[in-house]
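The next block holds one structure in the form of structure tokens; read it before the comments.
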Amino acid sequence: STEWGFDHGAWSVLNQMYPNADIPVLQLSINQKLSPFAEAELISQLQFLRNHGMLFIGSGNIIHNLGLVNWHDPRPYDWALVFDAQVKDLLEKRDLQSLANYHTLGKPAQYSIPTDEHYRPMLAALALVSGAQASGGDLVLDKFPKERITDMAALQNGAKLFVNYCLNCHAAAFMRF
């Protein structure tokens with residue numbers, strides 16, 4: 001529907017990058033009828049568009065289990081650290097097959113990805129990177145700067161965006177306080 005608008009995963013990122021909304025945007029939807037790997041393989045066929053000035057952004061979360069968040073203790077769970085390291089290793093290896101078959105990666109993956117709608121955008125982005133590498137492109141994965149974890153202004157902005165735009169999908173009733 002043209003009346004639906006963009007998902008919060010698209011416009012909450014884009015409004016920070018392009019506050020004037022002066023670029024054309026095409027949002028791709030997740031196809032739950034396809035396996036994560038099949039969907040990523042399909043998306044990889046769009047890689048040629050990068051050579052025509054198309055910017056692809058995959059926004060989501062590696063670990064997205066709001067039902068297990070402890071809002072009174074900022075320390076990450078051990079399973080989250082394990083899965084984050086596992087994903088980092090697989091990303092650096094460009095191992096799309098293993099990442100797409102996350103359900104075989106053990107309990108940390110199961111806790112981290114109770115539903116995969118926030119995880120699949122990473123697979124799509126990796127499929128586009130892998131395609132570029134296969135065609136001789138030289139792409140580097142960015143890493144989150146650890147010093148930003150204490151950047152209160154950035155954290156407050158993220159919290160504001162989450163509360164204002166994401167709570168409609170991620171109802172507070174499903175969060176642990």
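How far CG of Leu128 is from CD1 of Ile57: 12.0 Å, rounded to the nearest 0.5 Å. The CG atom of Leu99 lies 10.0 Å from the CD atom of Gln97; values are rounded to the nearest 0.5 Å.
For Tyr18, the side chain to side chain contact (heavy atoms under 4.5 Å, CB included) test picks out Leu14, Asp22, Ile23, Leu55, with sequence neighbours left out. Ala124 pairs by the side chain to side chain contact (heavy atoms under 4.5 Å, CB included) definition with Ile43, not counting sequence neighbours. Residues forming a ring-ring contact (aromatic ring centres under 6.0 Å, His included) with Tyr119 (at least two apart in sequence, or on another chain): Tyr102. Considering only residues two or more places apart in sequence or on other chains, Lys33 meets the side chain to side chain contact (heavy atoms under 4.5 Å, CB included) condition with Asn31. By the side chain to side chain contact (heavy atoms under 4.5 Å, CB included) test, Pro121 is found to be paired with no residue, residues two or more places apart in sequence or in another chain being considered. The salt bridge (Lys or Arg N to Asp or Glu O under 4.0 Å) search around Asp84 returns none, not counting sequence neighbours. Scanning for salt bridge (Lys or Arg N to Asp or Glu O under 4.0 Å) contacts around Glu39 gives Arg120, with sequence neighbours left out. In this view, Ser35 satisfies the side chain to side chain donor-acceptor pair (under 3.5 Å) rule with no residue, not counting sequence neighbours. With sequence neighbours excluded, no residue forms a salt bridge (Lys or Arg N to Asp or Glu O under 4.0 Å) with Asp78. Qualifying salt bridge (Lys or Arg N to Asp or Glu O under 4.0 Å) partners for Lys107, counting only residues two or more places apart in sequence or in other chains: none.
Sorted by first then second residue, the salt bridge (charged side-chain N to carboxylate O under 4.0 Å, His left out) pairs that include residues 60-73, not counting sequence neighbours, are Asp73-Arg75.
Looking only at side-chain heavy atoms (C-beta outward), Ile113 and His103 stay at 4.5 Å or farther from each other. By the 4.5 Å heavy-atom criterion applied to side chains, Val87 and Met122 are counted as neighbours.
Between the side chain of Ser112 and the backbone N or O of Ala109 there is no donor-acceptor pair closer than 3.5 Å.
Leu42 shares a hydrophobic cluster with Leu34; the chain of contacts runs through ILVMFWY side chains whose heavy atoms sit under 4.5 Å apart.
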